[in-house]
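Encoded as structure tokens, the structure appears first; notes follow it.
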2 protein chains.
Amino acid sequence: MKSMASTSEKILDIAQSLIVAGGYNGFSYADISAAIGIRKASIHHHFPTKAELVAVLVDRYRGQAEAGLSSLRSQVASPDEQLQAYLRYWDTCIRDASQPFCVCAMLAGEMQMLPDEVASRVRAHFQSLATWLAAVLSAGAEQGLFRLNRSPEEEAQMLMASVHGAMLSARAFDDPGLFIAIISSQIAKLTK
Amino acid sequence: MKSMASTSEKILDIAQSLIVAGGYNGFSYADISAAIGIRKASIHHHFPTKAELVAVLVDRYRGQAEAGLSSLRSQVASPDEQLQAYLRYWDTCIRDASQPFCVCAMLAGEMQMLPDEVASRVRAHFQSLATWLAAVLSAGAEQGLFRLNRSPEEEAQMLMASVHGAMLSARAFDDPGLFIAIISSQIAKLTK
DNA sequence: TGTTACCTTCCTACTAGTAGGTAGATTTTA
DNA sequence: TAAAATCTACCTACTAGTAGGAAGGTAACA
């Protein structure tokens with residue numbers, strides 16, 4: 001029998017889905033309270049302030065993302081398959097509406113008014129994602145799998161921008177298929 | 001002497017910059033009130049509800065955007081220069097921090113919790129921007145200026161996603177130069 | 001063994017402040 | 001003078017956050 005999720009993890013789960021739907025200012029302790037059947041004050045017991053809650057949430061997200069990406073690099077052999085797997089992850093999330101948006105991409109838009117402790121963590125996620133993508137592109141280029149027109153770092157930035165922009169478009173047009181339509185063309189240019 | 005902006009236009013100006021900074025839930029009537037030295041109730045006189053205010057704001061933005069884009073097509077001869085001008089517009093906005101983000105891109109992220117009257121207008125803006133870009137790419141391809149790997153519509157979607165993703169990246173990394181760095185590579189692939 | 005102390009978790013009840021919005025009087029302007 | 005714009009004063013609902021306590025478990029100890 002699987003160990004049940006702790007209350008604080010349930011709080012983070014709900015908060016994350018609420019942020020993905022409406023951003024930092026788009027949810028309240030009352031929303032979480034209603035969603036998991038616990039009083040507002042009890043949430044404050046686990047996370048004294050909203051800024052702290054979201055900071056912990058981003059830390060957790062970063063940890064999961066980095067674990068996922070690094071296990072991808074160790075378990076999947078070829079760089080182009082690593083890249084495909086990364087993109088397939090988001091495509092699946094968007095299609096089944098489980099996590100139709102990267103929580104850090106959402107928060108990045110609100111950067112200017114985010115508490116410092118949150119903003120710095122969001123920046124850190126983007127940094128490490130860009131680094132991972134650059135490493136994958138670089139390895140792929142060395143093996144002759146990718147044809148890069150720019151440095152791996154620049155291509156990684158472009159790809160990251162496309163992925164997040166494609167998420168935005170898929171949401172704007174309410175069309176999950178749009179994500180992979182936009183991204184697959186992008187990838188085709190790299191692998192051709 | 002230039003005609004002074006009316007109160008309602010001042011309200012829209014401030015509201016737009018506040019939305020660009022923090023989204024739909026990131027500003028209040030009190031913020032506008034403080035910014036232009038008018039009471040909250042007076043803002044309600046011009047815009048009874050927040051949803052209406054933002055709907056009018058998006059209508060105005062769409063009007064300005066469509067006017068700008070169509071005058072670009074009539075005043076600038078070549079499609080590649082039309083595209084360059086469009087991208088240069090955003091690059092300038094981001095560099096001088098005047099409008100460092102497209103208000104519709106911002107709102108698109110919050111789509112799920114936007115009032116219908118706002119959401120439909122945001123969608124309409126994305127639709128008409130995609131149409132404009134597709135037309136420019138198509139004309140450029142006919143003149144041998146662009147080398148398209150996909151249909152003009154698909155390439156337009158990709159480009160639009162890249163532009164909005166690049167805005168997000170520039171904001172996340174707090175690096176205005178990142179926008180053009182990401183986009184110029186994208187363009188290079190089209191025009192090569 | 002029983003008791004005392006402590007800890008975690010959750011609760012009810014509350015605070016000060018802010019949200020969007022309204023009623024009605026007053027001023028400004030055409 | 002009539003209409004438009006702004007004001008003061010207020011409302012209800014909600015915001016993040018706090019105070020203080022109840023229930024239950026664990027650990028120390030006499």
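Lettering follows sequence order; numbering is per chain, from 1.
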Between C/dA19 (P) and B/Tyr24 (OH): distance, integer Å: 14 Å
Cation-pi, B/Phe101 ring and B/Arg171 (6.0 angstrom, 45 degrees): yes
Any A/Ser28 side-chain nitrogen or oxygen under 4.0 Å from OP1 or OP2 of D/dT15: yes
Residues, nucleotides or ligands: over 12 heavy atoms within 6.0 Å of B/Arg39 CZ: no
Lys/Arg cation over aromatic A/Phe27: A/Lys50, 6.0 Å, 45° cone: yes
Cationic N near anionic O, under 4.0 Å, A/Glu155 to B/Lys189: yes
A/Phe47 CZ to D/dT15 C1', straight-line distance once rounded to whole Å: 19 Å
salt_bridge(A/Asp13, A/Arg60) N-O dist < 4.0 Å: yes
Selection: residues 50-61 of chain B, any non-hydrogen atom under 4.0 Å of DNA chain D: none
Integer-rounded Å distance: C/dA19 P and B/Tyr29 OH: 13 Å
Sugar-phosphate only, base, or nothing, as touched by A/Phe27 at under 4.0 Å among non-hydrogen atoms: sugar-phosphate
Rounded distance in Å - NE2 (A/His44) to P (D/dG21): 20 Å
Those residues of residues 112-121 of chain B lying under 4.0 Å from DNA chain D by at least one heavy atom: none
Test: B/Arg62 and B/Glu66 ion pair at under 4.0 Å: yes
Derivation of the side chain to side chain contact (heavy atoms under 4.5 Å, CB included) call for A/Leu107 and A/Val54: CA-CA 10 Å; A/Leu107 292 171; A/Val54 178; 4.2 Å; yes
Backbone N/O of B/Tyr29 and side chain of B/Ser33: donor-acceptor pair under 3.5 Å: no
Between protein and nucleotides 9-13 of chain C, what N or O pairs are separated by less than 3.5 Å?
residue: C/dT9; atom: OP2; partner: A/His45; partner atom: NE2; Å: 3.4
residue: C/dC10; atom: OP1; partner: A/Thr7; partner atom: OG1; Å: 3.0
residue: C/dC10; atom: OP2; partner: A/His46; partner atom: NE2; Å: 2.6
residue: C/dC11; atom: OP2; partner: A/Arg39; partner atom: N; Å: 2.6
residue: C/dC11; atom: OP2; partner: A/Ser42; partner atom: OG; Å: 2.9

Protein-nucleotide distance (B/Ile11, atom CD1; D/dA5, atom P), rounded to Å: 10 Å
A/Ile38 CD1 to A/Ile11 CD1 distance, which is reported to the nearest 0.5 Å: 5.0 Å
Side chain B/Thr191, main chain B/Ile187, donor-acceptor under 3.5 Å: yes
Flag if over 12 foreign heavy atoms under 6.0 Å of CG, A/Asp96: yes
